[in-house]
> 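The structure follows.
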Amino acid sequence: MIQTIGVIGAGQMGRGIAQVAAQAGYGVVLLDVNQDLVNGGLAFIEKTLAKAVEKGKLQGSQKQAILDRIKGTTAYDGFKDCDLVVEAATENPDLKRKIFQELDRVCKPGAILGTNTSSISITWIAAVTKRPQHVIGMHFMNPVPVMQLVEIIRGLATDDATFAATKEAAEKMGKTVAEAADYPGFIVNRILMPMINEAFYALMEGVGTPEAIDAGIKLGLNHPMGPLTLADLIGLDTCLAILNVLHNGLGDPKYRPCPLLRKYVDAGMLGRKTGRGVYAY
Ligand code: CAA
């Protein structure tokens, strides 16, 4: 039974996963490469929970109990008692493989090694471990505390017990699970990223201003946000990385990333997290 969950990465995804896991009653170990990043993640969770208290959705004592369940660390040894670890580092294939080798070394036998990758092959990540049967994709959506879905993806060797335990943990965190097969982009990004990419082509070709493109989709299709606003929320570097995975992995030119998206990334305009993307924040 899963009691303690490790999370790698205190960025926008990792901090959200740590929060929903702690809210569900799990002990959480949150790791990042330095203490400042860990503290940044913890402070954000504190702020989010404080807002929930202000709104009367949470009691002060509950907030403290949730925070007390989360332990920050910068050392992988902190994961030795975890039953499940969810990796939410940046979307870099080589980095993910290094992390999984390290996790395989420190985690106890039987522990499940999950990845929040939005598009990289689970089978390929699992192959660097000696426990591919316990490796699984657990893909949360951004913002994690708000979004209902978790995609769960089996690698080629993932066993049924690992799938069942991961699904149970996601459901305990209040999420609904969609199972996706291990193909580039799984379900959500296979469908979302071509839309976002097309929005950048439309912008590049002058079909509309950013505001008009976003209004078209938000008000014309009843999406909660327009695609360019959503791209800024996800991070333009992450969108580009996912499009590259779709393009390389599926080989169809329809997935080629828009040059304008590349230009924003080259300029370091990555969206909300850098204060400037398609829009200024
Ligand atoms: N963390 C925690 N809570 C947050 C939050 C965050 N980052 N952002 C918003 N919220 C909460 C707010 O506190 C608010 O809570 P209450 O209802 O309790 O008051 C609630 O969410 C609604 O927020 P707002 O009223 O401020 O704003 P909104 O109604 O416009 O909703 C939104 C904001 C939920 C982000 C909404 O615009 C939305 O659903 N957008 C689409 C998001 C989306 O598509 N995400 C998936 C991205 S794809 C992905 O993640 C996969 C990938 O691999 C790239």
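Each ligand, and each atom within it, is numbered from 1 in the order the structure gives.
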> Which distance, rounded to the nearest 0.5 Å, do you find between the CZ of Arg272 and the OH of Tyr279?
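Answer for the CZ-OH pair, Arg272 versus Tyr279, is 11.0 Å.
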
> Please identify which of these residues, Gln148, Met13, Glu151, meets the side-chain contact (heavy atoms from CB on, under 4.5 Å) condition with Met141.
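Of all the options given, the one that passes is Glu151.
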
> Using a 4.0 Å cutoff against the non-hydrogen atoms of Met141, which atoms of ligand 1 qualify?
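Taking each heavy atom of Met141 in turn, ligand 1 has 49 (C), 50 (O), 51 (C) under 4.0 Å.
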
> For atom 8 (N) of ligand 1, which protein heavy atom lies nearest, and how many Å away is it?
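Its nearest protein heavy-atom neighbour is Pro143 CG, 3.8 Å.
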
> Atom 47 (C) of ligand 1: protein heavy atom closer than 4.0 Å?
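True for atom 47 (C) of ligand 1.
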
> Could you work out, for atom 18 (O) of ligand 1, the closest of Lys57, Met147, Arg272 by heavy-atom distance?
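Minimum heavy-atom distance to atom 18 (O) of ligand 1 goes to Lys57.
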
> Looking only at protein heavy atoms, which one is nearest to atom 32 (C) of ligand 1, and how far off is it?
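Checked against all protein heavy atoms, atom 32 (C) of ligand 1 sits closest to Met225 CE, 4.7 Å.
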
> State whether any protein heavy atom lies less than 4.0 Å from atom 29 (O) of ligand 1.
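So atom 29 (O) of ligand 1 lacks protein heavy-atom neighbours under 4.0 Å.
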
> Does any N or O of ligand 1 fall below 3.5 Å from an N or O anywhere on His139, backbone included?
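Right, the criterion is met.
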
> Can you spot which of Leu103, Val86, Asp32 makes a side-chain contact (heavy atoms from CB on, under 4.5 Å) with Ile8?
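The side-chain contact (heavy atoms from CB on, under 4.5 Å) with Ile8 is passed solely by Leu103 among Leu103, Val86, Asp32.
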
> Counting only non-hydrogen atoms of the protein, does one fall under 4.0 Å from atom 23 (O) of ligand 1?
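No, there is none.
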
> Report the C-alpha separation of Arg154 and Asp159 in whole Å, then their side-chain angles, then the decisive distance to 0.1 Å, and conclude whether the salt bridge (charged side-chain N to carboxylate O under 4.0 Å, His left out) test is met.
CA-CA 8 Å; Arg154 297 178 201 241; Asp159 65 24; over 6 Å; no

> Just need the protein heavy atom nearest to atom 12 (C) of ligand 1, so name the residue and atom and give the distance.
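Minimum-distance protein heavy atom for atom 12 (C) of ligand 1 reads Lys55 NZ, 4.1 Å.
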
> Here's a test for you: under side-chain contact (heavy atoms from CB on, under 4.5 Å), which of Leu31, Val85, Val29 qualifies with Tyr76?
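So, applying the side-chain contact (heavy atoms from CB on, under 4.5 Å) to Tyr76 and each of Leu31, Val85, Val29, only Leu31 qualifies.
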
> Heavy atoms of the protein only: does one fall short of 4.0 Å from atom 20 (C) of ligand 1?
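For atom 20 (C) of ligand 1 the answer is no, since every protein heavy atom stays at 4.0 Å or beyond.
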
> Tell me the protein heavy atom at minimum distance from atom 44 (O) of ligand 1, and give that distance in Å.
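Answer for atom 44 (O) of ligand 1: Leu230 CD1, 3.5 Å.
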
> Does the protein put a heavy atom under 4.0 Å from atom 26 (O) of ligand 1?
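So atom 26 (O) of ligand 1 lacks protein heavy-atom neighbours under 4.0 Å.
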
> Should Met195 and Val278 be counted in the same cluster of Ile, Leu, Val, Met, Phe, Trp and Tyr side chains packed under 4.5 Å apart?
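Yes: a chain of side-chain contacts under 4.5 Å links Met195 to Val278.
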
> Which of these, Ile122, Val135, Thr123, sits in a side-chain contact (heavy atoms from CB on, under 4.5 Å) with Leu156?
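Filter result, single survivor: Thr123.
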
> Heavy atoms only: which of Ala231, Ser119, Pro224 lies closest to atom 39 (O) of ligand 1?
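Nearest heavy atom to atom 39 (O) of ligand 1 lies in Pro224.
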
> How close do Pro143 and Leu233 get, counting heavy atoms only, and between which atoms?
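Reported closest heavy-atom pair: CD-CD2, 4.3 Å.
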
> I'd like to know whether Lys167 forms a salt bridge (charged side-chain N to carboxylate O under 4.0 Å, His left out) with Glu179, so could you lay out the CA-CA distance, the side-chain angles of the two residues, the decisive distance to 0.1 Å, and finally the verdict.
CA-CA 9 Å; Lys167 182 166 185 270; Glu179 184 180 359; over 6 Å; no

> Suppose I only count heavy atoms of Thr48 and a 4.0 Å limit; which atoms of ligand 1 are within that range?
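So the answer, numbered in order with elements, is 2 (C).
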
> Hey, which atoms in ligand 1 end up nearer than 4.0 Å to a heavy atom of Leu192?
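So the atoms of ligand 1 that pass are 48 (S).
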
> Return yes when at least one protein heavy atom is under 4.0 Å from atom 16 (P) of ligand 1, and no when none is.
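Yes, because at least one protein heavy atom sits under 4.0 Å from atom 16 (P) of ligand 1.
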
> Between Lys172 and Tyr26, is NZ or CZ placed under 6.0 angstrom from the six-membered ring centre and within 45° of the ring axis?
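Yes; both conditions hold, so Lys172 lies above the ring face of Tyr26.
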
> Only heavy atoms of Ser118, strictly under 4.0 Å: list the atoms of ligand 1 that pass.
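Reading through ligand 1 atom by atom, the close ones are 53 (O).
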
> Under 4.0 Å from ligand 1, counting heavy atoms only, is it the side chain of Thr238, its backbone, both or neither?
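None of Thr238 does.
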
> Working note: Arg105 + Glu102, criterion salt bridge (charged side-chain N to carboxylate O under 4.0 Å, His left out); need CA distance, chi angles, decisive distance, verdict.
CA-CA 5 Å; Arg105 193 180 63 75; Glu102 191 62 14; 2.6 Å; yes

> So which protein heavy atom does atom 50 (O) of ligand 1 come closest to, and at what separation?
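I find the closest protein heavy atom is Asn142 N, 2.8 Å.
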
> With distance as the sole test, does Lys96 use its side chain to make a donor-acceptor pair with the main-chain N or O of Ala89 at under 3.5 Å?
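Yes: the side chain of Lys96 pairs with the backbone of Ala89.
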
> Pick, from Val146, Leu149, Val144, the option with the minimum heavy-atom distance to atom 11 (C) of ligand 1.
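Of the listed residues, Val146 has the closest heavy atom.
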
